[in-house]
Amino acid sequence: MVQIVFYLFILLTLGSAFGVLLTRNVLYAAFFLLLTLLGVAGLFVLAGADFLAVSQIMIYVGGVLVLIIFGVMLTHTKDAGQTDFTRPNYVLTRHRGWLWALVVAGGIFSVLYSALVRANFVLFGREPFFESTVDTIGRQLMTEFVVPFEIAGVLLLVALIGASTLAASSRPDR
Amino acid sequence: MEPINSGIYLLIGAALFSIGLAVVVLKRHAIMVLMGIELMLNAVNLNLIAFSQYDPDRLQGQMFSLFVMIVAAAEAAIALAIILQVYRHFRTVQLDEVNELRK
């Protein structure tokens, strides 16, 4: 049963990731990315990382993806004066050549695949652990990882200020 | 709950990373490139969590992937702000047409 759900989540993740790769419409790609992120969250649950799955859904689906969709809509123009032959329609993105992307990505995947299939990790021989990780994560955040935690807070503040400063109109006369 | 072979997680991570890389190389739209980067970050998180399952006392992999998520959120916000400014300046976000610093 768990195995079937696991393979369904794999299928969802990789299938919609291929959808992001293959579609030419940026908005469709955003929705395929939503499916991919949900599939990854499901894989997180099956790997025993419940807190990370919930924060994956909250951060990526609730935050980053909404931002991306806003970005798509804010940067979308229909150029009325130009036909589709001279300029692309801006929701549709054109591809650069297929060849180099296939060579680079396929090459990296084949190298990683041949290495990972042959690798024998000692850690995977141990007994896996299925319990709620919220307790441990909370304790770790306040003890061992307290400095990175505070730095992450400062980073988010800086990113917030920086993003709103950058996105604000730089020329007040326009 | 029966255990799942964790090697599969590493293979999914490799596949997701390659797809993200292909999206980054292939697409011309700036937001599509951003989506490819998000896919690659997710693939890395998948690897970290596959290993973290066997480390219940310290959960270092999960902590690290939590910080990766935080940095990814900050990066997406900054990148979209930059893309908005580029769009205001050039009236396009197709990366091949943004080829000069001033216009």
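If you're wondering where the values come from, they're calculated on a predicted model, not measured in any experiment. Throughout, a chain's letter reflects where its sequence line sits, starting with A, and its residues are numbered from 1.
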* To do: Flag yes if more than 12 heavy atoms outside F70(A) fall under 6.0 Å of its CZ atom; otherwise flag no.
  =>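 Not buried by this count: 12 neighbours or fewer within 6.0 Å.
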
Testing the basics here: between [X] and [Y], what is the closest heavy-atom pair and its distance to 0.1 Å?
X       : Y       : value
A72(B)  : Y60(A)  : CB-OH, 3.3 Å
A74(B)  : A159(A) : CB-CB, 3.6 Å
M63(B)  : L141(A) : CE-CD2, 3.5 Å
Q62(B)  : A49(A)  : NE2-CB, 3.4 Å
R126(A) : Y54(B)  : O-CE2, 3.4 Å

Within the 4.5 Å heavy-atom criterion, are [X] and [Y] side-chain neighbours or not?
X      : Y       : value
L16(B) : T36(A)  : yes
L46(B) : F44(A)  : yes
I8(B)  : Y7(A)   : yes
L26(B) : W100(A) : no

Please confirm whether the ring centroid of [X] lies under 6.0 Å from the ring centroid of [Y].
X       : Y       : value
F51(B)  : F124(A) : yes
Y9(B)   : F6(A)   : yes
F149(A) : F67(B)  : no

Side chain from CB out, backbone as N, CA, C, O: work out which of these in [X] comes under 4.5 Å of a heavy atom of chain B, or both, or neither.
X      : result
L67(A) : both
L52(A) : both
A30(A) : both

* To do: Just give me the residue among I137(A), V117(A), V158(A) that pairs up with chain B most often, heavy atom to heavy atom, under 4.5 Å.
  =>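 The answer is I137(A).
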
* Would you mind telling me which of I59(A), T13(A), L14(A), L155(A) has the largest number of heavy-atom pairs within less than 4.5 Å of chain B? =>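 Heavy-atom pairs under 4.5 Å are most numerous for L14(A).
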
* Can any side-chain N or O of R88(B) pair as donor or acceptor with the backbone N or O of A167(A) at less than 3.5 Å? ->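 Answer holds: yes.
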
* To do: Taking K27(B) for its side chain and R24(A) for its backbone only, find out whether a donor-acceptor pair lies under 3.5 Å.
  =>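 Not confirmed, K27(B) side chain does not pair with R24(A) backbone.
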
* Taking every heavy-atom pair that is under 4.5 Å apart, which of I49(B), I70(B), L21(B) has the most such pairs with chain A? ->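 So the answer, after comparing I49(B), I70(B), L21(B), is I49(B).
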
* How many angstroms lie between CG in L80(B) and CG in L166(A), if you round to the nearest 0.5 Å? ->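 CG of L166(A) is found 11.5 Å from CG of L80(B).
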
* Asked: Can you tell me if Q56(A) and N45(B) form a side-chain donor-acceptor pair at under 3.5 Å?
  ->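 The criterion, which ignores hydrogens and geometry beyond distance, is not satisfied for N45(B) and Q56(A).
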
